[in-house]
Amino acid sequence: MQYIAMDTKDIRTNLATEQYLMNSGKMTPPFMLFYIEGPCIIVGRNQNTMEEIDPEYCREHNITITRRLSGGGAMYQDFGNMCFSMVVPAKDQKFGDFKSMVQPVVDGLKEMGASNIEVTGRNDIVLDGKKFSGNAMYTRDGKTFSHGTCMFDVDTDVVASALRVPKDKIQSKGIKSVRSRVVNIKPYLKEEYRNMDTFQLRDELIKKIWKTNSIKEAEENYAYVLDDEDKKEIAKLEQEIYYNWDWVYGKSPKFTVQRRKHFNGGTIDARFNVQNGVIENAVIYGDFFGPENVDELQDSLKGTQYAQGKIKDKLKSIDLSRFFAGIPQDEIVELLSTQQ
């Protein structure tokens, strides 16, 4: 299995590199990616960016905002965080099975002393019940991609200030604040690893996962090095997508109806623009996961009469598990069709 430890510290370049390497065929699955970047927030594919962040705080503190291709919730990262990704053939991976995808990292961290690690909920890795890693997943062209965070020495005060976590999400977890949900893994490691920086943590994990005695040995035998063609294509993706205002923030009309609920499988926040009793436009936000793009569902709702029976009939003809993994179809139908 190959890996790449990215040199760039810009989240937009790193996400473009992920996307390129997943689709280019230059690396054969399974393979892993590791990257570390400056202060940034990455929102999930289906989220409403402006409702997930405090834009003024982010602007004042030079926090980069971008959007990823996968679902899930918004994540704050800085130089105290390490990201890791795993790409595998889709036929070998059940969508939504995060536990198997993050296992190499979990095993490496346990070897470094963090023995009380547990993969819990939909997509979190926790220590003593507190989250230090959030993960997201998507499937495209026969490959499944899972990427996640590893909070080593993140400024948790900034997490609480930069992100706007909806009250229903916090209440569903039985906790009172964003800060109480998260923890850095650094104090849980063996003494010999506590004085490392995040880049040294990454290298130690690579050594553990590939079972080498030195990072040089791992680089010589398992590392992929980007060539000029790779860098050119990555730069193109970076500009077309991750710097693109429409992609990051999105343009949407004013909506006349909102239907929102938090499920165990994620939050669904649907907005309908209804004119003359007909749904003219629909956007579905949320931190849910699904193997297919929710745009298809949004398009199918356009032109539907805004009446409970009509919406139910439309939704019942669609396999909603393609868009919302782990949320019962009848509960989604009930949420989206109920009139208030």
Side-chain angles (χ1 to χ4, degrees), residues 1 15 18-19 21-23 29-33 42-47 52 67-75 83-107 109 117-127 129 131-150 165-166 168-169 172-173 181-182 260-270 284-298 315 318-336:
M1 179 171 70
L15 288 174
E18 277 190 343
Q19 182 179 350
L21 290 175
M22 180 174 177
N23 298 322
F31 61 87
M32 292 192 71
L33 304 93
I42 310 95
V43 299
R45 180 184 186 110
N46 303 306
Q47 291 189 295
E52 297 295 328
R67 183 189 298 277
R68 62 181 182 269
L69 292 177
S70 56
M75 299 177 182
C83 288
F84 59 91
S85 305
M86 172 76 82
V87 180
V88 301
K91 63 181 178 61
D92 298 335
Q93 179 65 37
K94 178 183 177 182
F95 190 89
D97 177 14
F98 287 96
K99 188 171 184 178
S100 63
M101 294 288 267
V102 304
Q103 201 62 50
V105 172
V106 167
D107 290 344
L109 291 172
I117 292 179
E118 181 184 4
V119 182
T120 186
R122 290 188 303 149
N123 59 329
D124 295 343
I125 313 177
V126 302
L127 268 166
K131 173 180 175 178
F132 73 91
S133 174
N135 295 267
M137 185 180 293
Y138 70 100
T139 295
R140 294 290 183 278
D141 301 325
K143 304 182 189 73
T144 292
F145 192 111
S146 174
H147 47 187
T149 57
C150 178
V165 180
D168 60 352
K169 188 170 184 179
S172 75
K173 295 177 181 288
R181 295 180 56 203
V182 298
R260 176 188 171 92
K261 185 175 181 180
H262 183 76
F263 302 92
N264 289 335
T267 298
I268 297 177
D269 181 354
I284 301 175
Y285 297 115
D287 60 355
F288 51 84
F289 296 104
E292 297 188 28
N293 194 334
V294 76
D295 290 354
E296 180 185 335
L297 175 60
Q298 293 171 168
L315 293 172
I318 301 170
D319 178 7
L320 298 178
S321 67
R322 296 187 292 134
F323 314 106
F324 309 104
I327 304 178
Q329 174 138 342
D330 59 342
E331 294 184 26
I332 300 169
V333 171
E334 188 65 25
L335 171 67
L336 299 184

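One-based numbering along the sequence shown. Predicted model, so just to flag it, every value in this text is computed and none were measured.
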*Asks:* For Gly71 and Asn46, which heavy atoms make the closest approach, and how far apart are they?
*Replies:* CA-ND2, 4.3 Å
*Asks:* As an exercise, state the distance from CZ of Phe84 to OG of Ser146, rounded to the nearest 0.5 Å.
*Replies:* 7.0 Å
*Asks:* Just checking, is any N or O donor in the side chain of Asn135 or Ser133 under 3.5 Å from an acceptor N or O on the other one?
*Replies:* yes
*Asks:* What distance do Glu334 atom CD and Leu315 atom CG have between them, rounded to the nearest 0.5 Å?
*Replies:* 11.0 Å
*Asks:* Hey, does Val87 have a side-chain heavy atom less than 4.5 Å from the side chain of Leu33?
*Replies:* yes
*Asks:* Can you name the nearest heavy-atom pair linking Arg68 to Ala136, along with the distance?
*Replies:* NE-CB, 3.6 Å
*Asks:* Quiz question: by atom type and distance under 3.5 Å, do the side chains of Asp107 and Gln103 form a donor-acceptor pair?
*Replies:* yes
*Asks:* Sort out for me which residue in Phe98, Phe324, Phe145 forms a ring-ring contact (aromatic ring centres under 6.0 Å, His included) with Phe289.
*Replies:* Phe98
*Asks:* Considering non-hydrogen atoms only, spot the tightest contact between Thr120 and Val126 and give its length.
*Replies:* CG2-CG1, 3.4 Å
*Asks:* Should Leu109 and Cys150 be marked as a side chain to side chain contact (heavy atoms under 4.5 Å, CB included) after you check the CA-CA gap, both sets of side-chain angles, and the distance that decides it?
*Replies:* CA-CA 10 Å; Leu109 291 172; Cys150 178; 4.1 Å; yes
*Asks:* If the threshold is 4.0 Å, N to carboxylate O, is there a salt bridge linking Arg322 and Glu296?
*Replies:* yes
*Asks:* Within the side chain of Thr149, is there an N or O that forms a donor-acceptor pair under 3.5 Å with the backbone of Gly134?
*Replies:* yes
*Asks:* What is the minimum heavy-atom distance between Met86 and Pro104, and which atoms define it?
*Replies:* CE-CG, 3.7 Å
*Asks:* Can you tell me how far CG of Asp141 sits from OG1 of Thr144, rounded to the nearest 0.5 angstrom?
*Replies:* 11.0 Å
*Asks:* Identify which one of Arg140, His147, Arg45 satisfies the side chain to side chain donor-acceptor pair (under 3.5 Å) criterion when paired with Ser70.
*Replies:* His147
*Asks:* Could you check whether atom CG of Asp319 has more than 12 heavy atoms from other residues, nucleotides or ligands sitting under 6.0 Å from it?
*Replies:* yes
*Asks:* So, do Met32 and Val105 sit near enough that their side-chain heavy atoms are less than 4.5 Å apart?
*Replies:* yes
*Asks:* Sub-3.5 Å donor-acceptor pair from the side chain of Arg260 to the main-chain atoms of Gly286, do we have one?
*Replies:* no
*Asks:* Do you know the tightest heavy-atom contact between Pro89 and Pro30?
*Replies:* CD-N, 4.5 Å
*Asks:* Drop me the distance from Ile284's CD1 to Ile332's CD1, to the nearest 0.5 angstrom.
*Replies:* 9.0 Å
*Asks:* From Lys131 NZ over to Asn123 CG, what is the distance, rounded to the nearest 0.5 angstrom?
*Replies:* 6.0 Å
*Asks:* For the residue pair Leu69 and Glu18, establish whether any side-chain heavy-atom pair is separated by less than 4.5 Å.
*Replies:* no
*Asks:* How close do Met1 and Phe31 get, counting heavy atoms only, and between which atoms?
*Replies:* CG-CA, 3.7 Å
*Asks:* Could you tell me whether the side chain of Gln329 and the main chain of Val333 form a donor-acceptor pair under 3.5 Å?
*Replies:* no
*Asks:* Going from OH on Tyr285 to CD1 on Ile268, what distance comes out if it is rounded to the nearest 0.5 angstrom?
*Replies:* 15.0 Å
